[in-house]
Amino acid sequence: MRKGAKRKASKKEEAIKSTEEEDTTTAKEDSSKSTEEKTTKTESSKAGGRRKKVKTSKPESEPEFFPDRRNLEDLWKQVFPVGTEWDQLDQVYQYNWNFSNLENAFEEGGELYGQKVYLFGCTEPQLVFFKDEGKVTCIPVVVAVVSPFPPSDKIGINSVQREAEEIVPMKQMKMDWVPYIPLEDRDSRVERLKSQIFILSCTQRRAGLRHLKLERVKKFEYCLPYFYQPLQEDELEQSTIVQIIFPAEEKPVRFLFVVEDEVLNFRDDMGLEYFEFTDKLIEEEELPADQKDAFRDFVREKVREGKKANREARQARKKALEEMSEETKAAFQNMKFYKFYPVPTPDSPDVSNVKSPFINRYYRKAHIVL
């Protein structure tokens with residue numbers, strides 16, 4: 001064979017060989033691709049077999065705006081309503097009462113701006129109208145005392161059902177003055193804050209009342225914030241009226257006696273002489289005839305006790321004044337009292353016609369802030 005023929009045959013073999021290699025490579029790639037597709041399909045089927053539904057996008061709604069909370073918005077709710085019956089507490093908060101007048105009083109130009117203030121709460125049951133319907137409602141009231149020190153650390157316990165008044169430490173009734181933290185400062189460390197607002201708080205919880213005796217529970221309802229002004233003669237010291245409850249067999253006899261100069265020279269609040277009053281009680285069958293002498297002895301003793309208590313109160317006040325510093329005297333002289341009622345709103349009854357400057361028998365009167 002000629003050399004040229006051999007060379008052509010060799011080139012032809014190389015071409016065939018190259019073609020076979022390309023075909024083999026292509027077949028491998030196709031096989032690999034097919035395997036990948038199968039694997040993907042298998043994994044997809046293992047993943048659940050069900051295709052997820054594509055959520056259709058809803059049209060964007062209008063953004064909802066909430067009014068910013070005012071810094072002292074919950075101040076009136078934090079103040080414990082002293083003397084309110086436990087089963088009436090829910091009624092106190094049944095309306096959306098607005099005490100913006102109390103909040104504004106702490107703003108520049110307000111009555112309480114820049115002052116150290118002590119707040120306590122109470123309620124006043126009054127007939128008021130809401131949506132043309134008259135209803136006796138427990139109206140919440142907040143009293144503010146402007147003073148460099150707490151006005152008192154005691155609570156008075158008194159009612160017509162009780163024979164005698166008690167003056168006890170606040171802590172005995174689980175009450176105390178505590179600092180109020182405004183909303184904007186509640187993320188701060190309390191001990192670093194220099195609060196100028198103190199509120200009368202009570203740690204007794206309604207859930208724990210069932211473990212208390214009824215007498216103890218009632219004491220909370222008879223509580224009155226106590227205040228003693230040593231610079232003024234107490235009305236009780238000047239008073240000639242003695243409240244007396246005689247424990248008769250059938251039912252107690254309750255009455256007031258007006259005491260005059262001599263212990264036996266007194267008459268009841270209706271002007272009847274001592275002996276006339278006794279005979280009248282027997283005639284009306286409120287006092288058994290056989291208890292006539294016991295009743296008179298009882299009245300004499302109570303009148304003596306009343307006169308003695310007034311005398312001791314005057315002596316105690318005189319001594320307190322002698323020992324009082326000029327700085328403390330000035331503080332008592334400059335002490336101010338403000339009373340806040342809810343302001344009228346469409347969400348609550350209008351209390352404008354039932355407001356009174358009277359606070360209680362200890363604090364007497366205050367300036368009403370509109």
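Note: hydrogens, waters and symmetry copies are ignored here, and every other heavy atom, side chains too, is used.
- The nearest pair of heavy atoms linking V136 to P125 is CG1-CB, 4.3 Å.
- Under the 3.5 Å distance criterion, the side-chain polar atoms of S325 are matched with a main-chain donor or acceptor of T328.
- A heavy-atom distance below 4.5 Å is not found between the side chains of F129 and P349.
- Ion pairing of K329 with E326 is present here, as a side-chain N (NZ or NE/NH1/NH2) and a carboxylate O approach within less than 4.0 Å.
- Residues K339 and E124 are paired through a salt bridge, judged by an N-O separation under 4.0 Å between the basic side chain and the carboxylate.
- Considering Y362, F120, Y363 in turn, Y363 is the only one that fulfils the ring-ring contact (aromatic ring centres under 6.0 Å, His included) rule with F227.
- At least one donor-acceptor pair closer than 3.5 Å links the side chain of N71 to the backbone N or O of E184.
- Closest non-hydrogen pair, C138 versus Q88, comes out as SG-OE1, 3.9 Å.
- Rounding to the nearest 0.5 angstrom, the gap separating the NZ atom in K154 from the CG atom in L224 is 16.0 Å.
- Considering all non-hydrogen atoms of both residues, W97 and S348 come closest at CE3-CB, 3.8 Å.
- Look at R206 and D90 and you find a salt bridge, because one of the NZ, NE, NH1 or NH2 atoms lies within 4.0 Å of a carboxylate O, short of that distance.
- No side-chain heavy atom of F80 sits less than 4.5 Å from a side-chain heavy atom of K174.
- When side chains are defined from C-beta on, S201 does not count as touching W177, because their heavy atoms never get closer than 4.5 Å.
- Rounded to the nearest 0.5 Å, atoms CZ (R216) and NE2 (H211) are 14.0 Å apart.
- We find that E111 and K336 are not joined by a salt bridge, their nearest charged nitrogen and carboxylate oxygen being 4.0 Å or further apart.
- Note on L212: it clusters hydrophobically with Y222, by side-chain heavy-atom contacts below 4.5 Å among ILVMFWY residues.
- Taking a cutoff of 4.0 Å between a charged side-chain nitrogen and a carboxylate oxygen, K280 and E284 qualify as a salt bridge.
- You'll find the side chain of Q91 stays beyond 4.5 Å of the side chain of T123, heavy atoms only.
- In this structure, F99 is a member of the same hydrophobic cluster as F130, with clusters built from ILVMFWY side-chain heavy atoms closer than 4.5 Å.
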>> If you apply the rule salt bridge (charged side-chain N to carboxylate O under 4.0 Å, His left out), what do you find for K171 with D153, and how did you get there?
In response: CA-CA 8 Å; K171 292 186 177 181; D153 61 353; over 6 Å; no
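- Summarising the geometry, atom CG belonging to L200 is positioned 9.5 Å from atom SG belonging to C223; distances are rounded to the nearest 0.5 Å.
- Annotation: N353, atom CG; neighbour count of heavy atoms from other residues, nucleotides and ligands within 6.0 Å does not exceed 12.
- With contacts defined as side-chain heavy-atom distances shorter than 4.5 Å, the pair N360/C122 does not qualify.
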>> As a quick check of understanding, evaluate side-chain contact (heavy atoms from CB on, under 4.5 Å) for W86 and K218, giving each step before the final call.
In response: CA-CA 9 Å; W86 293 103; K218 287 295 182 183; over 6 Å; no
> Checking side-chain hydrogen bond (donor to acceptor under 3.5 Å, both in side chains) for the pair Y226/N158: CA distance, chi angles, key distance, verdict?
Replying inline: CA-CA 11 Å; Y226 178 77; N158 193 22; over 6 Å; no
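- Annotation for E323: atom CD counts as buried by contact number, over 12 foreign heavy atoms lying within 6.0 Å.
- Under the 4.5 Å side-chain heavy-atom criterion for Ile, Leu, Val, Met, Phe, Trp and Tyr, V343 and L75 are members of distinct hydrophobic clusters.
- You'll find the side chain of Y341 reaches within 4.5 Å of the side chain of I139, heavy atoms only.
- To the nearest 0.5 Å, the span separating CD on Q196 from NZ on K116 amounts to 6.5 Å.
- Side-chain atoms of Q115 never come within 3.5 Å of backbone atoms of V117 as a donor-acceptor pair (strictly under, hydrogens ignored).
- Sparse packing is recorded around CD of E283, with 12 or fewer heavy atoms of other residues, nucleotides or ligands lying under 6.0 Å away.
- For K319, the NZ atom counts as loosely surrounded, since its 6.0 Å shell holds 12 or fewer non-hydrogen atoms of other residues, nucleotides or ligands.
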>> If you apply the rule side-chain contact (heavy atoms from CB on, under 4.5 Å), what do you find for L321 with F332, and how did you get there?
In response: CA-CA 11 Å; L321 283 173; F332 274 110; over 6 Å; no
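- No close placement of the F337 and Y118 rings is indicated, their centers lying 6.0 Å or farther apart.
- Of all non-hydrogen atoms in N101 and F340, the two that sit nearest each other are O-CE2, 3.7 Å.
- Looking at M324 and P230, their side chains come closer than 4.5 Å, going by heavy atoms from C-beta outward.
- Here the side chains of V146 and Y338 are in contact, with some heavy-atom distance below 4.5 Å.
- When the side chains of ILVMFWY residues are joined at heavy-atom separations under 4.5 Å, either directly or via intervening members, V92 and V128 end up in a single hydrophobic cluster.
- Distance check, rounded to the nearest 0.5 Å: CG of L72 to CG of L183 gives 7.5 Å.
- Atom CD of Q94 sits in a crowded spot, with more than 12 heavy atoms from other residues, nucleotides or ligands closer than 6.0 Å.
- Side-chain rings of Y93 and W76 approach one another, their centers coming within less than 6.0 Å.
- The distance from the NZ atom of K77 to the CD1 atom of I199 is 13.5 Å, given to the nearest 0.5 Å.
- In summary, the side chains of S352 and D350 do present a donor paired with an acceptor at a separation below 3.5 Å, with no hydrogens or angles considered.
- Summarising the geometry of Y180 relative to P182, their closest heavy-atom pair is O-CD, 3.5 Å, with the distance given to 0.1 Å.
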>> Please determine whether salt bridge (charged side-chain N to carboxylate O under 4.0 Å, His left out) holds for the pair R361 and E165, giving the CA-CA distance in whole Å, both sets of side-chain angles, and the decisive distance to 0.1 Å.
In response: CA-CA 12 Å; R361 60 184 305 219; E165 174 189 43; 2.8 Å; yes
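- With hydrogens and angles disregarded, no donor-acceptor distance shorter than 3.5 Å links the side chain of S100 to the backbone of N98.
- Scanning both residues, P342 and V351, for their nearest heavy atoms gives O-CG2, 3.7 Å.
- Cluster membership for I359 and L231, using ILVMFWY side-chain heavy atoms within less than 4.5 angstrom, is shared.
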> Yes or no on side-chain contact (heavy atoms from CB on, under 4.5 Å) for V168 and I157, after CA distance, side-chain angles and deciding distance?
Replying inline: CA-CA 8 Å; V168 300; I157 303 175; 3.8 Å; yes
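- With respect to D297 and R300, a salt bridge is recorded, a charged nitrogen being found less than 4.0 Å from a carboxylate O.
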>> Is there a side-chain contact (heavy atoms from CB on, under 4.5 Å) between Y95 and D347? Walk through the geometry before answering.
In response: CA-CA 7 Å; Y95 298 109; D347 299 327; over 6 Å; no
